[in-house]
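Heads up: the structure comes next, in structure tokens.
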Amino acid sequence: MKAVVVLKPGTTATGAEIIATARQRLPSYQKPKSVDFVASLPKAPTGKVIKRELRAPYWADQERT
């Protein structure tokens with residue numbers, strides 16, 4: 001599982017810190033194995049995150065059946 005994170009302005013964090021926090025607070029099946037930092041999440045006019053656009057770069061080289 002991969003986490004895609006947007007940091008609040010003025011804050012810093014590393015992928016290792018985020019994974020360590022998740023390890024303490026989440027069940028094992030929800031823990032991310034890696035973290036990507038982005039400037040913003042793609043959102044629809046309603047304010048919901050558009051997950052298909054968020055996943056698109058990771059599936060670009062794959063064929064889905």
Side-chain angles (χ1 to χ4, degrees):
M1 179 180 290
K2 178 179 287 292
V4 179
V5 177
V6 177
L7 294 175
K8 291 182 179 179
T11 61
T12 59
T14 64
E17 291 171 341
I18 291 172
I19 291 171
T21 301
R23 186 175 292 135
Q24 294 172 354
R25 299 176 184 209
L26 296 173
S28 62
Y29 66 91
Q30 289 184 337
K31 289 184 246 175
K33 292 186 170 115
S34 62
V35 178
D36 282 352
F37 294 95
V38 296
S40 64
L41 296 173
K43 292 191 178 183
T46 59
K48 293 176 71 175
V49 175
I50 304 172
K51 293 180 184 178
R52 69 180 175 279
E53 287 184 19
L54 192 61
R55 294 177 182 133
Y58 304 106
W59 285 99
D61 299 340
Q62 304 291 321
E63 273 193 39
R64 296 188 73 182
T65 57

Worksheet item: Going through the distances and angles, do L41 and L54 end up as a side chain to side chain contact (heavy atoms under 4.5 Å, CB included)?
Response: CA-CA 7 Å; L41 296 173; L54 192 61; 3.9 Å; yes
Practice prompt. Determine, stepwise, if the pair I18 / F37 fulfils side chain to side chain contact (heavy atoms under 4.5 Å, CB included).
Written response: CA-CA 11 Å; I18 291 172; F37 294 95; 3.7 Å; yes
Practice prompt. Provide the closest heavy-atom pair for K33 versus I19 in the form atom of the first, atom of the second, distance.
Written response: O-CD1, 3.7 Å
Worksheet entry | ILVMFWY cluster, Y58 and V38 together (side-chain gap under 4.5 Å) | yes
Worksheet entry | Nearest heavy-atom neighbours spanning M1 and Q30 | SD-O, 3.3 Å
Practice prompt. Give a yes or no on whether V49 and W59 share a hydrophobic cluster (residues Ile, Leu, Val, Met, Phe, Trp, Tyr; joining criterion: side-chain heavy atoms under 4.5 Å apart).
Written response: no
Worksheet entry | Sequence neighbours excluded, every pair satisfying salt bridge (charged side-chain N to carboxylate O under 4.0 Å, His left out) that has a member inside residues 1-23 | K2-D36
Worksheet item: Just how far is it from atom CD of Q24 to atom NZ of K31, taken to the nearest 0.5 Å?
Response: 10.5 Å
